[in-house]
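In the text below, chain A, chain B and the rest are named by the order of the sequence lines, each starting its count at 1.
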Amino acid sequence: MSLDTLIVIDGNSLIHRAFHAIPLLSNSQGVITNAVYGFTNMILKVLKEQDPGLVAVAFDKGKVTFRHQDFADYKGTRKATPDELRPQFILAKEILKAMRIPYFELEGYEADDLIGTIVNQAEASGLNILILTGDRDALQLVSPKTRVMLTRKGITEIELFDEGKVWDRFGVTPGQIVDLKGLQGDPSDNIPGVPGIGEKTAVALLKDYGSVEGIIEKIEHLPPRFQKLLRGKEDQAILSKKLATIIRDVPMELDLSQCSWRGPDHQRLLEIFKELEFKSLIKQLTSEQGTAKSSREGKKKFESDLPPLETYQAGYQTVTSQEDFDEVLVQASHAGRAAVFLDGVRGKGIRAVYLAVPGQDVYLLTVKPGDDSSHGSLSALKALCENEAIKKYFHDAKDAIWLLHHHGIKLQGLAFDTMVAAYLLNPAASHYDLTDIALEHLGIVLPPEGETAMAARAEAILRLTEELFKKLVQREEDRLFIEVELPLVAVLAEMEMAGVAVDKQELKEISAELHHSTEALAAKIHELAGENFNINSPKQLGQILFDKLKLPVYKKTRTGYSTDAEVLEKLAEEHEIVDLLLQYRQMAKLKSTYADGLAALVDPQTGCLHSTFHQTVTATGRLSSAEPNLQNIPIRLASGRRIRKVFIPRQKGNLILTADYSQIELRILAHMSQDKSFLDAFRQGQDIHTRTASEVFGVPLDQVTPEMRNRAKAVNFGIVYGISDFGLARDLKVSRQEAKSYIENFFARCPGVRHYIDRVIREARERGYVTTLLNRRRYLPELFSKNFNIRNFGERAAMNTPIQGSAADIIKLAMVKISKELKERDFATQMVLQVHDELIFDAPEAEIEPLIVLVRDCMQNALTLDVPLVVDIKLGPNWYETKPI
DNA sequence: CTGCTCACG
DNA sequence: ACGTACGTGAGCAGC
């Protein structure tokens, strides 16, 4: 038994291998089991032989929503994964669960990349790693600590590769495997390589020059025939290498402790084996029971079997007397800074305070029931937090501000937020738990519970502050952090706490009206259908429309018929029920999500909605809003727009003022692309959609029809999103040819935009990331995927993110400025909402005039671009009735 | 808990 | 030949 060995398994590779190596077996029920049988067999064999301390499996995960969304017409033309194989993946995962082996998958990544990431972390923890796969690409991961078990022809034969073996077999080091592929290419993965260069040439060149880059650099020194092959193919070679390179820093939260191998859940595994009729495996399992790992298993907690990873502990002193509180404050004052970990729950208050002061032990200040900020530990906390001279570091400072607010404490001197900093370093991660970022950036494991664990968190915040700031400086994101994101934390906290006032009466009336309309529509729909069914169930609705009423099927989803609005609109002519369904859907959405959904979240104390603005959610830098989401309140259709009537000022004499950036994304595109036509249009104050229409349709500005403008508007949007003729055609309901000609015309008339797009994608490929105007960074590992779709997605994200993200930069900057001005000038106005390119204020009538000047100035001058930023301001008694001033 | 659908910029 | 526009959050149904 080797406790320090981790086995990582490429699930996709093994299952595919097994599927092709073993004839189509099935159980008596007809369930095909060949691949899952081979897979299970192989894993059991390796586990038995190696008896590792840890084990994990990785799977590919593509863009399932797109991949499976076939048009009915095309059904059956193409099968990526054979029907006999697809369900076996599910079975394999069931078996893994029963074996208590964790498996990892992440949207947009291949198993390879997850393995690379796991290996990286495991190596850092000092583990020995064995990779089990049928994919030779994995050989690039071989190192002194990592070896690869490669399946041969069949599946039971395994060949073990260490560094020496790779050298013997391929004549290159493991690290050069990717260079080999860059030159040689790989038809199976659609990697071009350099035509004319095969294995021999590639190896010989690499022996002399080390890498693809090395060869290109010394291209002059190469024999003429090689020069000839390589010239003009440099980029292709570099790209090929990148495509073959396994990503090792996939943004995933990996807890190696979850991977400790504890033996299977015998009972469950046996059940599955019986169902699948794996007789030999059943025999194997039952004969082994009671031996080895199975016997020492109880119902222990997961953490009980921790692998040999160092768990981080911090010493701490409990502080209880007033004298000691004073001493802590002296220490913190002296140091000038402290990391604060508040143990508490929003709305309930703080239970304990852990302070990490540089050079001192962590201090624990416990809060006794009934304590308040006038005496005891909370008064010490108040003194600390309200002293601006002492810099405070938090993880999730906005949450801390809420907790402090509960005790009447106002935070001054916020100097770092490790959650927000970790987000800037990798905005694509799914979450930023302190535990995860401490592991990622400090390599330490935080214990889950207890006072030492909490003390360790305070200490970790202190250390992370240093580490993350260093990284921000390295990436030149420190200004973005200090000047925008960090001050924004407090601005958002204030917006959340203020909330936006709601007219509950109006909300009730809307709900009642919607109740009547949905009921009436449902009755008619049921009558036309000839039976009662749940209209909200896409499954039942599909059966009615397509099985019973025999309407034509235009689109399917992974699980059945699609019944979305796009499909229903196509069916409108076919049956009168369809229009009623569209109306019903609309009304039902308004009622459940908005009328009733919002009403349920109104705070009875304040009469306001207190949304949470998340600062660390989007990959582009935008904010998101939740519980409730106030960034998607209806506006496009009159029926939904009414919902905006319920958003009102908090008191009599106040008004709602909205300020939105006009065409900010296209202005940013003009600035970044320097396209003449776009720059000119914005500088002249022209309507951009009219201008694009004039370019695309080749008519003078004054002859652009509304229809032309509409189409041009869709083209402009398409450009920002990464256009395709298909997407544009669908959006505009024109033919694909027509859409294509719009796009071609557009690029012919706006070559600057074309060049900009090409440049951004090229730079993204070179650097692996894209940036915004304020240097916000987004990594795009998708660009290097071997999967065509994922790669294309990466390219669209590469062009969209600088635009969307820069718009986010600008409005965030404006929010910080506005908030500061409002404070300094003692305005009673409250900023209440942000909707990506729009800010909403609740303002006393007397302040409106100066407010308009202030807001417009801060927003339009947040950043100076090569085109003007224009802000439209509206005013009204509620969010619905705001009118241009 | 996942998939579908739909609301917004 | 691939499959089809970027970024979100929420409610509901059904496994």
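On a pure distance criterion of 3.5 Å, a polar donor-acceptor pair joins the side chain of A:S724 and the base of C:dT4. Side-chain to base pairing of A:Q631 with B:dC8: no donor and acceptor N or O lie closer than 3.5 Å to each other. Between the base of C:dT4 and the side chain of A:R796 there is no donor-acceptor pair shorter than 3.5 Å.
No contact: A:T801 has no heavy atom under 4.0 Å from any strand. Among the protein residues, A:A619 comes within range of the sugar-phosphate backbone only, with heavy atoms under 4.0 Å from sugar or phosphate atoms but none that close to a base. Within the 4.0 angstrom heavy-atom criterion, only backbone atoms of the sugar-phosphate kind lie near A:A565; the bases stay farther away. Residue contacts shown for A:A714 include a base, since a base heavy atom lies under 4.0 Å away. Among the atoms of the strands shown, none is found under 4.0 Å from any heavy atom of A:V720. Counting any heavy atom pair closer than 4.0 Å across all strands shown, A:I803 reaches no nucleic acid atom.
For A:T618, taking side-chain heavy atoms from C-beta onward, the closest of the listed nucleotides C:dG7, C:dC2, C:dG9 is C:dG7. When distances run from any side-chain atom of A:R730 to the nucleotides C:dG3, B:dC8, C:dA5, the shortest one goes to C:dA5. Taking only side-chain atoms of A:R778, from C-beta outward, the nucleotide of B:dC8, C:dG7, C:dC6 with the closest atom is C:dG7. Side-chain atoms of A:F793 lie closest to C:dC6 of the nucleotides C:dC6, C:dA5, B:dG9.
The separation between A:K733 atom NZ and C:dA5 atom C1' is 15 Å, rounded to whole Å. Atom CG of A:L630 is separated from atom C1' of C:dT8 by 13 Å (rounded to the nearest Å). Following rounding to the nearest Å, A:K556 (NZ) and B:dC4 (C1') show an atom-to-atom distance of 15 Å. Taking atom CD of residue A:E566 and atom C1' of nucleotide B:dT5, one finds them 12 Å apart after rounding to whole Å. Rounded to whole Å, atom P of C:dT8 lies 19 Å from atom CD1 of A:I633. Put simply, CD1 on A:I668 is 14 Å from C1' on C:dG7, counting in whole angstrom units. Summarising the geometry, the separation between CD1 on A:I790 and C1' on C:dT4 is reported as 15 Å, rounded to the nearest angstrom. If you measure from atom OH of A:Y594 to atom P of B:dA7, you get 7 Å, rounded to the nearest angstrom.
Ionic pairing of A:E569 and A:R585 is not present here: no N-O contact between side-chain nitrogen and carboxylate oxygen is shorter than 4.0 angstrom. At a threshold of 4.0 Å, the pair A:K812-A:E485 counts as salt-bridged, since one of the basic side-chain nitrogens sits closer than that to a carboxylate oxygen. Electrostatic pairing of A:R765 and A:E795 counts as a salt bridge here, judged by a charged N lying under 4.0 Å from a carboxylate O. At a threshold of 4.0 Å, the pair A:D758-A:R754 counts as salt-bridged, since one of the basic side-chain nitrogens sits closer than that to a carboxylate oxygen. For A:E513 and A:K508, the salt-bridge test fails: no basic side-chain N is under 4.0 Å from an acidic carboxylate O.
A side chain to side chain contact (heavy atoms under 4.5 Å, CB included) with A:I510 is found for one member of A:L590, A:I643, A:D596 and no other, namely A:I643. With A:N878 as the fixed residue, the side chain to side chain contact (heavy atoms under 4.5 Å, CB included) test singles out one of A:I648, A:V502, A:V646: A:I648.
Cation-pi contact between A:R778 and A:Y769: absent, since separation from the ring centre below 6.0 Å together with deviation from the ring axis within 45° is not met.
In terms of position on DNA chain C, the residue among A:N792 and A:H836 whose nearest nucleotide sits closer to the 5' end is A:N792.
Partner assigned to C:dG7 is B:dC8, using Watson-Crick or G-U wobble distances below 3.5 angstrom.
Between C:dC6 and A:T620, no contact under 4.0 Å exists linking OP1 or OP2 to a side-chain N or O. Dashed line: the shortest gap from a side-chain N or O of A:R585 to OP1 or OP2 of B:dT5 is not under 4.0 Å. Phosphate proximity of C:dT4 to A:R736: absent, as no side-chain N or O sits under 4.0 Å from OP1 or OP2.
Under the stacking criterion of a centre-to-centre distance below 5.5 angstrom and an interplanar angle below 30°, A:F726 sits stacked against the six-membered ring of C:dT4.
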Contact pattern, 5' to 3', of nucleotides 10-15 of chain C - B, S or - by protein heavy atom under 4.0 Å: SSSSSS

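Scored by the side chain to side chain contact (heavy atoms under 4.5 Å, CB included) test, A:D675 finds A:S673, A:S677, A:F678, A:C750, A:P751, A:V753 as partners (sequence neighbours excluded).
For C:dT4 and B:dT5, the P atoms lie 15 Å apart once the distance is rounded to whole Å.
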